[in-house]
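Remarks on the structure that follows.
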There are 2 protein chains.
Amino acid sequence: MQYLDLGYSPTDNDLLTLYRLTPAEGKTLEEVAEALAGESSIGTWTDVSTMIPEVGENLKPHIYKIAEPYVWIAYPSQLFEPGSLPQILSSIAGNIYGMKAIDRLRLEDFRFPRVLTESFAGPALGRDGVREMLGVADRPLIGTIVKPKVGLSSEQFAEVLYEAMAGGCDLVKDDENLTDQGFNRFEKRLELSLKAAERAERETGERKGYMPNVTAPGDELLRRLELVKQAGSRYVMIDVVTTGFAGVQMLRNHTDGLAIHAHRAMYAAFSRVPDHGMSTLAFSKLTRFAGVDQLHVGTIVGKMEGDKDEILRMHQEMNNAVVEPGDRLLGQDWGTLKPVLSVASGGVHPFLIPAIMGHFGHEVAIMQGGGIHGHPDGSRAGARTARKVVDAVLKGESMESLAERDTDVGKAYKIWGHKSW
Amino acid sequence: MQYLDLGYSPTDNDLLTLYRLTPAEGKTLEEVAEALAGESSIGTWTDVSTMIPEVGENLKPHIYKIAEPYVWIAYPSQLFEPGSLPQILSSIAGNIYGMKAIDRLRLEDFRFPRVLTESFAGPALGRDGVREMLGVADRPLIGTIVKPKVGLSSEQFAEVLYEAMAGGCDLVKDDENLTDQGFNRFEKRLELSLKAAERAERETGERKGYMPNVTAPGDELLRRLELVKQAGSRYVMIDVVTTGFAGVQMLRNHTDGLAIHAHRAMYAAFSRVPDHGMSTLAFSKLTRFAGVDQLHVGTIVGKMEGDKDEILRMHQEMNNAVVEPGDRLLGQDWGTLKPVLSVASGGVHPFLIPAIMGHFGHEVAIMQGGGIHGHPDGSRAGARTARKVVDAVLKGESMESLAERDTDVGKAYKIWGHKSW
């Protein structure tokens, strides 16, 4: 079978992929691209008696462009199971990473054709639905992760949540490794946290979102989701990578109006090395198809890695209805799939907020853990500080001026005013 | 918080990890190990007002050994949710890959303490249960993947399956990217394949296993599993990485005596780069906890990558009740968890079988796709060839001698007798 077809024009029915491909020693890019195209679709390493002409005619992928070290492939959509991210990944991001003929391989980007895009429900609420639910229109959402990450009792946790919400946080989330441990059981935490959130709502007149971490094996994940629904929460959060897309898509099927906050712990295991694995951009696009409502996209300025251009491109892919193709970017027509709210989190402190808003505008949720609970006067003062900083940025006031006239901000400024990563 | 504690002796209650750690430029191994230990457990990047002494006392990890570029950490088991691979991964293989302070990070190995090991059911049948089910005791199991990978109709698929089983295959599996597509619907394939398998059983007097691929979003995965149970199959197969551990653990909860065959498409996205991600050894150990009955471990001699020593170590971890620690290896006491059958697959042809049996002994399932359907006389002759080769190896006969006296083997020998990867 011959897949190389540089004159081929992809059709509206093709799923497109862009790979960065480093052949094993002694192999050419063309021959390895051939092997990759076969292994990810209809081929194997030797001629087989069971191959029939129809398969080649109807299902053959086309390698339509090569510009070292990049390879562009168009796959007929019939190769893929509509609505199944696991099946699509097993094809275009599966066995191929392990081939001896390949030294390194990165899925840089992909584009789904309309027939596949429409097979995914996408976010139930999405960015705008989340804003409506919380009643916050024209500023970044402000949130926190209760710290320490794990170890507080359910009571202690709910108290920190209350302080943060009372001080001005819209959102409070469990951390990625807090689920249901002996020191802080899920059900107790859920109950106390929602009570504390209601108290903060009454006192502030604002709506608040607690995001309990339902990450667990599938049956338990669904059981916790039911608990969350019964308790009347607005949100769940989930670790999308360690849960896996079968679990995330199942969660999306059962949320009944709850918003899904997606934490991406472990993504960098496959995205960090620039010439291998899957780009963070490609990963992020998968989550919009999976139907999460909020996704961590990076901060540009915080403790976690992330290339500025790629993060801003992710922000586009999360927000726009149509993303045009570009240089080594395939773009995506998102059809009717709602936008996902970008979340900036990881090593954020109040004085990074101006830079984050500079990059994302107001269309972002800014989550600070240490940057709120590390305030010398405690979590409530930390949350007040965050809100004051956001207001000042929107009004164009400098941080120096704000720190001088406001005690909360001034105290935080002494610690982090000049802290960068 | 100070985690470095080189005098510390891990307790029976600790989860141990071994990381290969490459600090970002300008950072020392010690300071980055500190940041990693905190981020994967109770810490964050700044002091927080909400930290309480009990958390440090009870839940603090200990960095107990450093030998550049390796770091050994002992985590109190209380940090982890029993029975939840997603939660454990979110801790020891989560955010840490994305920290700016780290340039590269690989989870080389881990060891669960008894309290966590016992929280996982492990394989329902395991290696010995699978052998008993199929009535094959003293030789490698022989299997095939229907090829082309995708594109045959359900009818064509079932016919190839029949030919392979009639010729001597014990096992036939869907390929990793064949699930439920328009050209070959899952239900139809299941029905026809099981009928074809029964026919082969009647004719050969042997028991046969068809492994339908139930990889799908969670709800659909469970629906397919029910179809498989109702149809009376012995097996399911699943793409464990693209499904994710929440889905795999859920599948394990619902199998009711069916065996789970684990395909690992995509694992090399995080295991291929030697100083980043997660070792294939560590990944394999996760699958035994998750409770699969058979796992692809590599071939050493086929088309897929895999270091010989690591593959043999994986084979030990799949088979032994206790694996002792070694140099840069933590070992594992598997308690009552049953062994997993190792599967060698990927570019295997009949004349690689002697080498595979040399490495694994008879305790392996050898799966050939092209190596069976590529036989010039078709799939049945390919399957006969495989069984004849296995018998010859067990009797100590050379391939040259066998090829000379047997027509099936002779014809295959002309194509692949000298094919190596």
Side-chain angles (χ1 to χ4, degrees), chain A residues 42 44-46 48-51 55 59 81 84 86-87 89-91 93-95 97-98 100 147-151 160 176-177 179-182 215-219 221 239 242-247 249-250 253 265-266 268-270 272-273 276-277 303-305 347 369-370 373-374 378 421, chain B residues 42 44-46 48-51 55 59 78 81 84 86-87 89-91 93-95 97-98 100 147-151 160 176-177 179-181 215-219 221 239 242-247 249-250 253 265-266 268-270 272-273 276-277 303-305 347 369-370 373-374 378 421:
Chain A
I42 60 174
T44 191
W45 58 274
T46 188
V48 290
S49 60
T50 48
M51 179 55 90
V55 173
L59 297 176
E81 180 184 337
S84 176
Q87 191 277 338
L89 286 173
S90 288
S91 308
N95 283 0
Y97 292 112
K100 274 184 185 166
K147 301 281 178 182
K149 295 166 78 83
V150 290
V160 174
E176 78 285 351
N177 57 343
T179 54
D180 185 36
Q181 287 105 313
T215 299
D219 298 297
L221 188 164
D239 299 339
T242 61
T243 294
F245 280 113
Q249 289 197 262
M250 181 173 71
N253 279 351
M266 198 178 175
F270 54 74
R272 189 76 186 265
V273 176
H276 194 69
K303 72 177 170 179
M304 296 296 184
E305 62 89 35
H373 311 295
W421 291 93
Chain B
I42 58 174
T44 192
W45 58 274
T46 188
V48 290
S49 60
T50 48
M51 179 55 90
V55 173
L59 296 175
Q78 294 90 322
E81 180 183 335
S84 175
Q87 191 276 338
L89 285 172
S90 289
S91 308
N95 283 1
Y97 291 112
K100 274 184 186 166
K147 301 283 179 182
K149 295 166 77 84
V150 291
V160 174
E176 78 284 352
N177 57 342
T179 54
D180 186 35
Q181 287 105 316
T215 299
D219 298 297
L221 188 164
D239 300 338
T242 61
T243 295
F245 280 113
Q249 290 198 261
M250 180 172 72
N253 278 353
M266 199 178 177
F270 54 74
R272 189 78 186 263
V273 177
H276 193 69
K303 73 177 170 179
M304 296 296 184
E305 62 91 35
H373 311 296
W421 292 93

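Residue numbers begin at 1 in each chain, while the letters A, B, ... track the order of the sequences.
Side-chain contact check for Q181(A) versus L59(B): every heavy-atom pair is 4.5 Å or farther apart.
S91(B) pairs with exactly one of V150(A), N177(A), T242(A) by the side-chain contact (heavy atoms from CB on, under 4.5 Å) rule, that one being N177(A).
The minimum heavy-atom distance between I42(B) and P148(A), with the atom names listed, is O-CB, 3.4 Å. Smallest separation of non-hydrogen atoms from E81(B) and T215(A): OE1-O, 4.4 Å.
Most heavy-atom pairs under 4.5 Å with chain B: of the set G244(A), G94(A), P217(A), this distinction falls to P217(A). When A246(B), A93(B), G151(B) are compared by the number of non-hydrogen pairs under 4.5 Å with chain A, A246(B) comes out ahead. Interface remark: of the candidates E305(B), H373(B), R272(B), R272(B) forms the most heavy-atom pairs closer than 4.5 Å to chain A. Annotation: maximal heavy-atom pairing with chain B below 4.5 Å, among K147(A), K100(A), M250(A), E176(A), occurs at K100(A). Between chain A and the residues T46(B), T44(B), T50(B), L89(B), the most heavy-atom pairs under 4.5 angstrom are made by T50(B). Most heavy-atom pairs under 4.5 Å with chain B: of the set G374(A), G369(A), G347(A), G98(A), this distinction falls to G98(A). Put simply, of Q249(B), H276(B), Q78(B), the one with the most heavy-atom pairs under 4.5 Å next to chain A is H276(B). Per-residue heavy-atom pair counts under 4.5 Å with chain A were compared for L221(B), N253(B), D180(B), D239(B), and the maximum is reached by D180(B). The greatest number of non-hydrogen atom pairs below 4.5 Å with chain B, out of G182(A), A269(A), A265(A), S49(A), is found for A269(A). Ranking G247(B), G370(B), S90(B) against chain A, the residue ahead of the rest is S90(B), based on heavy-atom pairs under 4.5 Å.
If you measure heavy-atom distances from V55(A) to chain B, the contacts under 4.5 Å come from the side chain alone. Interface residue V160(A): only side-chain heavy atoms are found under 4.5 Å from chain B.
Within the 3.5 Å criterion, the main-chain N or O of A216(A) finds no donor-acceptor partner in the side chain of S84(B).
Using a 3.5 Å distance cut-off with no hydrogens or angles, the side chains of Q87(A) and T179(B) do not pair a donor with an acceptor.
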